[in-house]
Amino acid sequence: MDLLANLNTQQRSAVQAEPGALLVLAGPGSGKTRVLTQRIAYLIGMVGVSPYRILAVTFTNKAADEMMRRVQDFLGDQGRGLTLGTFHATCAKILRREAEYLPVDANFVIYDSDDQLTLIRRALEDLNLDEKKNRPQSLHAQISKAKNELLRPDQYPTNDFRDRMAQRVYQRYQELLLANNAVDFDDLLLYMANLLEENPQVREQYARRFEHVLVDEFQDTNMAQYTLLRHLASYHRNLFVVGDADQSIYRWRGADYRNVQRFQKDFPEAKVILLEQNYRSTQAILDTAMQVIDRNPDRIRKNLFTERGAGQRIGLYEAYDDRDEAAFVVNTIASLTKQNLARPGDFAVMYRINAQSRVLEEAFLHAGLPYKLVGAQRFYGRREIKDIVSYLRLLHNLRDEVSLTRVINVPARKIGDKTLVALRTYASNAGLAPAEVLVEMGQERQSPHRTAFSGQSLGALVNFGYLLANWSGLAAHLPPLQLMDRVLDETDYHAYIDDGTDEGRDRWENVMELRRLAAEYADQGLAAFLERVSLVSDQDTLDASASVPTLLTLHAAKGLEFSNVFIVGLNDGVLPHSRSFDEPEEMHEERRLLYVGITRARDRLYLVYSQNRSQYGYAEPVEPSRFLSDVPEGLLQTIPSAASQARPRRRRENWDDDDWDRTSRKSSSAAGDRSYASAPRPAKPVTTPAPPDRQFPAGSKVNHPVWGEGMVLNSRMDAGDELLDIYFQQVGLKRVAASLARLEKM
DNA sequence: ATGGACAATGTTTTT
DNA sequence: CATTGTCCAT
């Protein structure tokens, strides 16, 4: 295959660039993955660089797998030895190799956020601090932030009492990690950065080895990641980074798009290449995206253009509430599918927060339409999965007390809290990990540890210790699947988890799914399997093969593309999220999030918001997203919302109403008969609309107590109320209900 | 030790 | 409202 095929001028100059530092500013859909993969292929295939001397890092396994696949398409076996993976996985691999420099052993486990919280709770307990006053969640965020900024506990800034508290928790938390021979996500980056920073000979070794370092989604790197990249590229200075500051949406995770500026300062010789031509979306979609993002300050403006043509206008739909939003989505999908305008797999529904997926899922279920949900939590967060994984982790690393605590009494084997505490105390006095004590008790009849316990607890502990001793003897040689089967079998886990209910059957099926995954690791072994399980991302759970609509958060959508995209919940408080109201920088990130969502769409884009939203329990009126008013009306095609006529509908009622039929028929995209075979649709008569009673016809001037003077652009009756689009001189376009806004006619 | 019943309490985004 | 924690009876 031609290594330089299908490239435009800018892409080609990036792929063929002379060695050195290079910054590729890549707009959405501008072919950055293509540039990265062809750059790698070019270096190996045409420049003759050994794959062994190339390092490429991404943020998700999916991105890494995709790149690997494409590199192989070009090079086949010639690419063997290439280091290509996520930041976290790559660091984990190197750290295991260089474990002698670390405070943990090479078989360390990687704790996920659940485990991390458990450990923070333990730290609070140890320090006699109240969990209510010091929320583990927020402490975790503080600790994580510190780690991302490469601050160790002793370097943690302590300006006030609370900081000192956090510092102590951080200190203790770190001690606990070490005691468990565990690292958290942040440690992987932190340890790697420190390793390179503090050991010149190690730094030299890797910096010399990696002649070329390539980075995807560079705008999402945090301080730790930037530091380790800088060190890795310190010898050859061939650092090829691709990114787009406008798509930086992980600030809360420590990502700092100013790393782009830092890069330019640290590598002043760096060439900059701008990729503006978009190969994904229609011009209408790009224009909408640019209108939204252009309101952000301090950015390098990109002019996105396409040769795909204008395309159709952006669908704008105002729903009555979030259930209505979901119904609109489902019905539109059903309708377009029915007309063969799209296939189910061409659709994605995006939202700000995971909680929004519920209503959508319900709507799909009711319509009898399949869907898939992107989210690691869905599988790896499940109890049964965590149980089994904890067993395996414990067997891999007996010092993992978090996993021991999780499984010691699952299934119930008469080892309760009291016994556990006694075991823990005894073990810590003996200078051993609790599981090590157990193994000894199980193994040796004469074990002195046995004398420390009595009665029921002794028997229970010895029994469990016996099991542990057997398994951990096998852990080193047996492939993950066989080890897992032993555990499942000897704990009678099936009987425990599958209680005969639907849920139980479901849970057991999940275990079987995990078995299937374990089977793939027969050659690579337990450590690799556990690492894979720890480092899956939400996106990685996306199965591109299933041809059904995808439900996902805007964050998870980054890097993906779909023909038809719905963005739902475009209301102030949701997008932008209410937590972002105080800080301008956070508000800018919300805007970028919407920008990312919009630019995922190839052909059709629907923006959906609602009048009411149930946050928890009951519904409240909400404002449309402030970002919506930044999109010029000319780009929009408002889809009339017949469904929201006069009715606070109750749950379960009117669900299958297909008011949309009338709705969509008027819209440009849908027409004709849209009854779909699989979905029930008892047509229910819609409540007669209230007779028009307009107080503020279009053109009238009004005064609002907060927003000041404005002009009514549009007025229509809805749910017995008058809905007005008003252009206020001070705040721009607002949509209000006449009954709620204290409007005054002028 | 275990499981059930009730109360309180809480919601961004994720490697 | 929906999950999670806490208390209490078995």
### Summary
With the side chain defined as heavy atoms from C-beta on, A:K418 is closest, among B:dT13, B:dT15, B:dA1, to B:dA1

### Message
B:dT14, OP1 or OP2 - any side-chain N/O from A:T553 closer than 4.0 Å?
### Response
yes

## Note on the structure
In whole angstroms, the gap separating P of B:dT12 from CZ of A:R592 amounts to 19 Å

### Query
In whole angstrom, what separates A:E361's CD from C:dA2's P?
13 Å

#### Entry: Nearest-Å distance for atom pair CZ/C1', residues A:R135 and C:dG5
15 Å

Scan the side chains in residues 418-427 of chain A for donor-acceptor partners under 3.5 Å anywhere in the protein, sequence neighbours excluded, and list what turns up.
from   : atom 1 : to     : atom 2 : distance (Å)
A:T425 : OG1    : A:V421 : O      : 2.7
A:Y426 : OH     : A:H449 : ND1    : 2.6

### Message
For a quick test of reading the model: is some side-chain N or O of A:N354 closer than 4.0 Å to OP1 or OP2 of B:dT14?
### Response
yes

### Task
Tell me which of A:S534 and A:I353 sits closer to the 5' end of DNA chain B, going by the nucleotide each one is nearest to.
A:I353

#### Entry: NZ or CZ of A:R592 within 45° of A:Y595 ring axis and under 6.0 Å
no

### Message
Is A:W252 stacked against the base of B:dT12, taking the criterion as centroid distance under 5.5 angstrom and interplanar angle under 30°?
### Response
no

### Task
Side chain of A:E590 only, please: which of B:dT2, B:dT14, B:dT12 is the nearest?
B:dT12

### Message
Rounded to whole Å, how long is the line connecting atom OH of A:Y496 with atom C1' of B:dT2?
### Response
12 Å

### Task
Let me know the distance between CG of A:L189 and C1' of B:dT14, rounded to the nearest Å.
13 Å

### Salt-bridge present (A:D112, A:K386; N to O < 4.0 Å)
yes

### Query
Distance between the P atoms of C:dT6 and B:dT11, in whole angstroms?
15 Å

### Query
Taking only N and O in the side chain of A:R413, is any of them less than 4.0 Å away from OP1 or OP2 of B:dA1?
no

### Message
Measure NZ/A:K145 against C1'/B:dT14 and give the value in whole Å, please.
### Response
17 Å

#### Entry: NZ or CZ of A:R251 within 45° of A:Y257 ring axis and under 6.0 Å
no

### Query
Is the shortest side-chain N/O distance from A:R579 to OP1 or OP2 of B:dT12 below 4.0 Å?
yes

### Message
So A:R358, base contact, sugar-phosphate only, or nothing? Heavy-atom distance under 4.0 Å.
### Response
sugar-phosphate

### Interatomic distance at P, C:dT4 relative to B:dT13, whole Å
14 Å

#### Entry: Of A:F87 and A:A412, the one whose closest DNA chain B nucleotide lies more 5'
A:A412

### Task
Just call it for A:T419: base, sugar-phosphate, or nothing, with non-hydrogen atoms closer than 4.0 Å on any strand.
sugar-phosphate

### Message
Is there a salt bridge (Lys or Arg N to Asp or Glu O under 4.0 Å) between A:D220 and A:R253? Walk through the geometry before answering.
### Response
CA-CA 9 Å; A:D220 283 333; A:R253 200 166 86 187; over 6 Å; no

## Note on the structure
Here the distance between atom P of B:dT15 and atom CG of A:D115, to the nearest Å, is 15 Å

### Query
Quick check, are the ring centers of A:F59 and A:H88 under 6.0 angstrom apart?
no

### Message
Can you measure A:M350 atom CE to B:dT14 atom P for me and round it to whole angstrom units?
### Response
13 Å

### Query
With a 3.5 Å cut-off and just heavy-atom distances, do the side chain of A:H88 and the base of B:dT15 make a donor-acceptor pair?
yes

### Query
Across the strands shown, which category fits A:N409 at heavy-atom distances under 4.0 angstrom: base, sugar-phosphate, nothing?
sugar-phosphate

